[in-house]
Structures are given as structure tokens and as C-alpha cells.
Amino acid sequence: MANIVIADHSIETRMMLRNLLEHDNHLIVGEAADGEEAYREYERTKPDLIILDIPGLDGMAVLRKILYYYPHAHILMISTDNDTNTVLRAIRLGVKQFLVKPLEAESLSRAVQETLEQLAQLEQRQAKVVESKLAAFLNSLD
């Protein structure tokens, strides 16, 4: 289970995503219809994952803003725009997954699961680093 923010200009898409994600036992902690609202919801909730589709330049701007202030944010981008340049730009900026609309429930579930697995692996690596530094510090006290 993950805490997720859904950001999409279409209320119908947000409702569909909410239903699919809640069916997979995720908790929707916020929703947004535009880029500024998406940033505020991310900042307010600090979710495990944000699913972002804000069309055009607004989407890339909010993506940059979230990753500037929260570089470890996990973002799954969805879009009707499957232009190679758009996809590559989003991935270079730090998007973990990029899905093209229309979405299939299975591909969304798989992308969310893969993104959450990446998050878990990162947290495990960070915990090992902390353990290692703590052990080294404690050994230096002897």
C-alpha cells in the first residue's frame, strides 16, 4: 500500500485512477487539477508517489519544481503525448515511469508496483549506509 497524489486536468481521469489505485489497496492522499495545485498537494502530503498528467509546459514546469525541492520524489507521468522528445525530457528530469493514455489497469498497476519497488530498494540501500556509518562511529569509540 502506498500514499499517492493524483494530478490530472480531467476529473474523469482522476476518478478512474482513484478507483483503480484504491482497488489495489493504495491510499489517495490528494488530488490536483493543475500544476500549482499538484505542487501544493505534493508539499502538503509528501506522498510515496505522485501520478502526474498536467498537459503541455505546465506539466514539465511542475515536474521540475517538485524535483527541485524534493529530488527524491517518485513521479509516474501519464500523458496522451507520446512524442519521443517529451518522454525523454520527462525521464531525464527524473520521472520513474511514463505511461501513455489511454491506460490499461494492468499497465498502471505494474508501473505503480515497479516504482514502489524502486523506492523500497532505495530505502534499503540508505538504511545500510546509515548502519555502516553508525557501526564505524561506534567502533571509533572503542
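In this text the structure is predicted, and so the values were computed from the model without any measurement.
Counting all heavy atoms, side chain and backbone alike, Ala7 lies closest to Ile50 at CB-CD1, 4.5 Å. Nearest heavy-atom pair, Pro47 versus Val29, reported as atom, atom and distance to 0.1 Å: CB-CG2, 4.1 Å. Of all the heavy atoms in Val62 and Ala38, the pair that sits closest is CG2-CB, 4.2 Å. Residues Gln118 and His74 share a closest heavy-atom pair of C-NE2, 4.3 Å. Residues Ala105 and Leu20 approach most closely at CB-CD2, 3.5 Å, considering heavy atoms.
Between Glu41 and Arg44, at least one side-chain nitrogen of the basic residue sits less than 4.0 Å from a carboxylate oxygen of the acidic one, meeting the salt-bridge criterion.
For the atom pair CZ (Arg89) and OG1 (Thr86), the distance works out to 5.0 Å, reported to the nearest 0.5 Å. The CD1 atom of Ile51 sits 12.0 Å away from the CE atom of Met77 when rounded to the nearest 0.5 Å. Here the straight-line distance linking atom CD1 of Ile6 with atom CG of Leu17 works out to 5.0 Å at 0.5 Å rounding. Leu116 contributes atom CG, which lies 11.0 Å from atom CE of Met1 (distance to the nearest 0.5 angstrom). To the nearest 0.5 Å, atom CG of residue Leu21 and atom CD1 of residue Ile4 are 4.5 Å apart. With rounding to the nearest 0.5 Å, the separation of CD1 in Ile66 from CD in Glu43 is 10.0 Å.
Distance alone, capped at 3.5 Å, is enough to place a donor-acceptor pair between the Asp34 side chain and the Glu36 backbone.
Looking at Arg14 and Arg18, their side chains never come closer than 4.5 Å, going by heavy atoms from C-beta outward.
With sequence neighbours left out, Leu88 forms a side-chain contact (heavy atoms from CB on, under 4.5 Å) with Thr84, Arg92. For the ring pair (Phe, Tyr, Trp, His ring centres under 6.0 Å) test, residues two or more places apart in sequence or in another chain that qualify with Tyr70 are Tyr42.
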The test is side chain to side chain contact (heavy atoms under 4.5 Å, CB included); show your working for Glu31 and Val5 and say whether it passes.
CA-CA 6 Å; Glu31 290 188 21; Val5 168; over 6 Å; no
Apply the test side chain to side chain contact (heavy atoms under 4.5 Å, CB included) to residues Leu49 and Ile75: give CA-CA distance (whole Å), side-chain angles for both, the deciding distance (0.1 Å), then the verdict.
CA-CA 6 Å; Leu49 176 67; Ile75 300 172; 5.8 Å; no
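Leu27 and Leu52 fall within a single hydrophobic cluster, where Ile, Leu, Val, Met, Phe, Trp and Tyr are joined by side-chain heavy atoms under 4.5 Å apart, directly or via other members. Hydrophobic cluster membership differs between Met15 and Leu76, with clusters built from Ile, Leu, Val, Met, Phe, Trp and Tyr side chains linked at under 4.5 angstrom.
Evaluation of the side-chain hydrogen bond (donor to acceptor under 3.5 Å, both in side chains) test over residues 93-105, restricted to residues two or more places apart or in two chains, returns Asp8-Lys101, Asp53-Lys101, Gln97-Glu114.
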